[in-house]
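First comes the structure, then the notes that go with it.
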Amino acid sequence: MDRREVIWQLSRHGHKKEDLELMPIKELSKLFKEETRKNILSYMDFIKDDKADIVQEYSDDNVAREITKISHCVIGDDINYPMLYDIIEKIFDEYELNETIEFVLSQVKDKHYRQMTRIVEVAFRAYQESLLDKLDELCKNYPVEEKFEQLNLYSNKREDVNFLKHAIKKMEEENARLQLSKIAQLKFEIIRDYFPDSLYENYEDYYENDEEKNEIIERIMELTSAYKRPMLKTKKIQLLKHIERVLLEDKEREREEKILIKQFSMKIGDVMNGDDEYAFSRVIKEALDVLDERDVRKIVSNFDLASNPIFLQRFNVIVREHRKVT
């Protein structure tokens with residue numbers, strides 16, 4: 001995990017970002033591990049205290065048992081993704097995103113923290129989509145304009161999964177579903193038959209949706225060739241916005257990394273020409289604080305490090321030490 005991500009994670013737990021920016025990576029890493037373990041212990045104590053209630057309500061499918069299965073999904077660097085996603089989805093039935101991340105991290109080694117966090121976040125997006133798909137099915141008898149308006153409301157509340165689950169539970173009651181369908185139909189017919197000039201005003205999002213969606217798709221196609229246009233057209237607009245946002249963030253991060261790689265290529269070249277062991281060690285440490293080890297190795301591979309055994313030894317020692325704190 002790089003310095004920027006450590007600072008971001010700690011700021012989520014109430015630490016001031018300006019104070020974190022002043023701390024060296026070693027102290028940041030130590031604080032992150034302490035904060036993570038503290039939260040994990042807090043959540044696990046909660047499970048322990050409420051274990052009787054959980055088991056009574058969920059029997060064989062209780063969350064506590066699912067959490068203990070996570071370690072069996074990660075063996076070395078091999079991950080059983082289908083099993084892991086299935087467990088995570090069952091945890092989502094009871095807990096929010098941040099809580100689920102803490103549960104998963106409590107069962108894996110430190111080196112998997114970043115990867116597991118990403119996996120849970122991706123699974124959460126898929127879980128949100130499954131809830132929205134369920135609501136879509138429950139609204140299938142609404143007029144298309146009303147259905148779009150309702151689903152747009154739910155989509156805007158996608159981060160509040162408890163709200164979505166509560167809505168599903170209520171709409172699954174037959175009487176409530178029939179009543180809501182009649183209300184939606186009546187509202188649309190009144191506007192259509194008695195206030196036709198207000199149709200656009202009341203259902204503006206529905207009538208404008210295709211145009212906005214196509215604009216987002218065009219921007220995504222300009223950013224990457226990983227998606228085909230027909231496939232993107234099947235996606236919900238909120239998911240398209242999320243894809244575009246991630247691509248833009250990745251592009252900016254890639255731009256920043258290219259600048260850093262260029263800067264450290266020059267710095268490392270200068271210190272190697274100067275034959276200064278201490279300056280070389282300092283620059284390598286600085287590079288590892290802001291770049292992935294893979295990128296630092298790529299930079300160093302452009303120089304004849306093997307011709308200087310002292311530099312080679314220092315480099316290997318620094319890399320091993322960096323792995324211990326990250």
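Scope of the values below: all heavy atoms of this structure, side chains included, with no hydrogens, waters or symmetry mates. Predicted model only: the values in this text are computed from it and were never measured.
- Linking Ile, Leu, Val, Met, Phe, Trp and Tyr residues whenever their side-chain heavy atoms come within less than 4.5 Å leaves L240 and V246 in two separate clusters.
- Annotation: the span from I299 atom CD1 to D295 atom CG amounts to 6.5 Å, rounded to 0.5 Å.
- Checked by atom type, the side-chain pair T68/R65 shows no donor-acceptor distance below 3.5 Å.
- Applying the salt bridge (charged side-chain N to carboxylate O under 4.0 Å, His left out) rule to E293 yields the partners R297, R323; only residues at least two apart in sequence or on another chain are considered.
- With sequence neighbours left out, the ring pair (Phe, Tyr, Trp, His ring centres under 6.0 Å) criterion links F311 to F280.
- Dense packing is recorded around NZ of K187, with more than 12 heavy atoms of other residues, nucleotides or ligands lying under 6.0 Å away.
- Remark: E244 pairs with I216, R219, I220, L223, L248 by the side chain to side chain contact (heavy atoms under 4.5 Å, CB included) rule, at least two apart or across chains.
- Note on E129 versus R158: salt bridge recorded, some NZ/NE/NH1/NH2 to OD/OE distance being below 4.0 Å.
- Ion pairing between E121 and R125 fails under the 4.0 Å rule for side-chain N and carboxylate O.
- Under the 4.5 Å side-chain heavy-atom criterion for grouping Ile, Leu, Val, Met, Phe, Trp and Tyr, L131 is connected to F163 within one hydrophobic cluster.
- Contact check for T100 versus F124: no side-chain heavy atoms found under the 4.5 Å cut-off.
- Taking K170 as the reference, H166, E173 meet the side chain to side chain contact (heavy atoms under 4.5 Å, CB included) condition, with sequence neighbours excluded.
- By the 4.0 Å N-to-carboxylate-O rule, K267 lies too far from D270 to be salt-bridged with it.
- Of the possible donor and acceptor atoms, none in the side chain of N152 sits under 3.5 Å from a partner among the backbone N and O of F148.
- With respect to E212 and K241, a salt bridge is recorded, a charged nitrogen being found less than 4.0 Å from a carboxylate O.
- With sequence neighbours left out, Q313 forms a side-chain hydrogen bond (donor to acceptor under 3.5 Å, both in side chains) with no residue at all.
- Note that CD of E94 and CZ of F103 are 10.0 Å apart. Values are rounded to the nearest 0.5 Å.
- Nearest heavy atoms, A279 versus D276: N-OD1, 3.1 Å.
- Every residue two or more places apart in sequence or in another chain that forms a side-chain hydrogen bond (donor to acceptor under 3.5 Å, both in side chains) with R314 is listed here: S281.
- In terms of hydrophobic clustering, with Ile, Leu, Val, Met, Phe, Trp and Tyr side chains grouped at heavy-atom distances under 4.5 Å, L97 and V122 are assigned to a common cluster.
- More than 12 heavy atoms of other residues, nucleotides or ligands lie within 6.0 Å of CD1 in I259, so this atom counts as buried by the packing criterion.
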* To do: Walk me through it: do L305 and M272 pass the test side chain to side chain contact (heavy atoms under 4.5 Å, CB included)?
  => CA-CA 9 Å; L305 194 62; M272 288 190 69; 3.8 Å; yes

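- In this view, E252 and R255 satisfy the side-chain hydrogen bond (donor to acceptor under 3.5 Å, both in side chains) rule, not counting sequence neighbours.
- For Q179, the CD atom is loosely surrounded, since the number of other residues' heavy atoms within 6.0 Å does not exceed 12.
- Partners of E286 under the side-chain hydrogen bond (donor to acceptor under 3.5 Å, both in side chains) rule, at least two apart in sequence or in another chain, do not exist in this structure.
- Although no hydrogens or angles enter the test, the distance criterion places no donor-acceptor pair under 3.5 Å between the side chain of S181 and the main chain of L178.
- Checked against R294 for a side chain to side chain contact (heavy atoms under 4.5 Å, CB included), the options V296, D292, L291 give a single hit: D292.
- Between the side chain of K213 and the backbone N or O of K235, at least one donor-acceptor pair lies under 3.5 Å.
- Classification of K69 and E66 as a salt-bridged pair holds, one side-chain N sitting under 4.0 Å from a carboxylate O.
- For residues 130-144, the pairs satisfying salt bridge (Lys or Arg N to Asp or Glu O under 4.0 Å) are D133-K236, K134-E172, D136-K147, E137-K140, with sequence neighbours left out.
- Linking Ile, Leu, Val, Met, Phe, Trp and Tyr residues whenever their side-chain heavy atoms come within less than 4.5 Å leaves M266 and L260 in two separate clusters.
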* Starting from the C-alpha separation in whole Å, work towards a yes-or-no answer on salt bridge (charged side-chain N to carboxylate O under 4.0 Å, His left out) for R253 and D250. => CA-CA 5 Å; R253 184 162 53 249; D250 287 345; 2.2 Å; yes

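- Residues forming a ring pair (Phe, Tyr, Trp, His ring centres under 6.0 Å) with Y142 (at least two apart in sequence, or on another chain): none.
- Taking CD from E222 and CG from L247, the interatomic distance works out to 12.0 Å, rounded to the nearest 0.5 Å.
- For Y154, the ring pair (Phe, Tyr, Trp, His ring centres under 6.0 Å) test picks out no residue, with sequence neighbours left out.
- Neither I75 nor V108 shares a network with the other; the hydrophobic side chains, linked directly or stepwise wherever heavy atoms of I, L, V, M, F, W or Y lie under 4.5 Å apart, form separate groups for each.
- Residues L132 and L151 approach most closely at O-CD2, 4.4 Å, considering heavy atoms.
- Evaluation of the side chain to side chain contact (heavy atoms under 4.5 Å, CB included) rule for N162 yields E96, D160, K165 as partners, not counting sequence neighbours.
- Scanning all heavy atoms of the two residues, the minimum distance from S265 to F303 falls at O-CZ, 3.5 Å.
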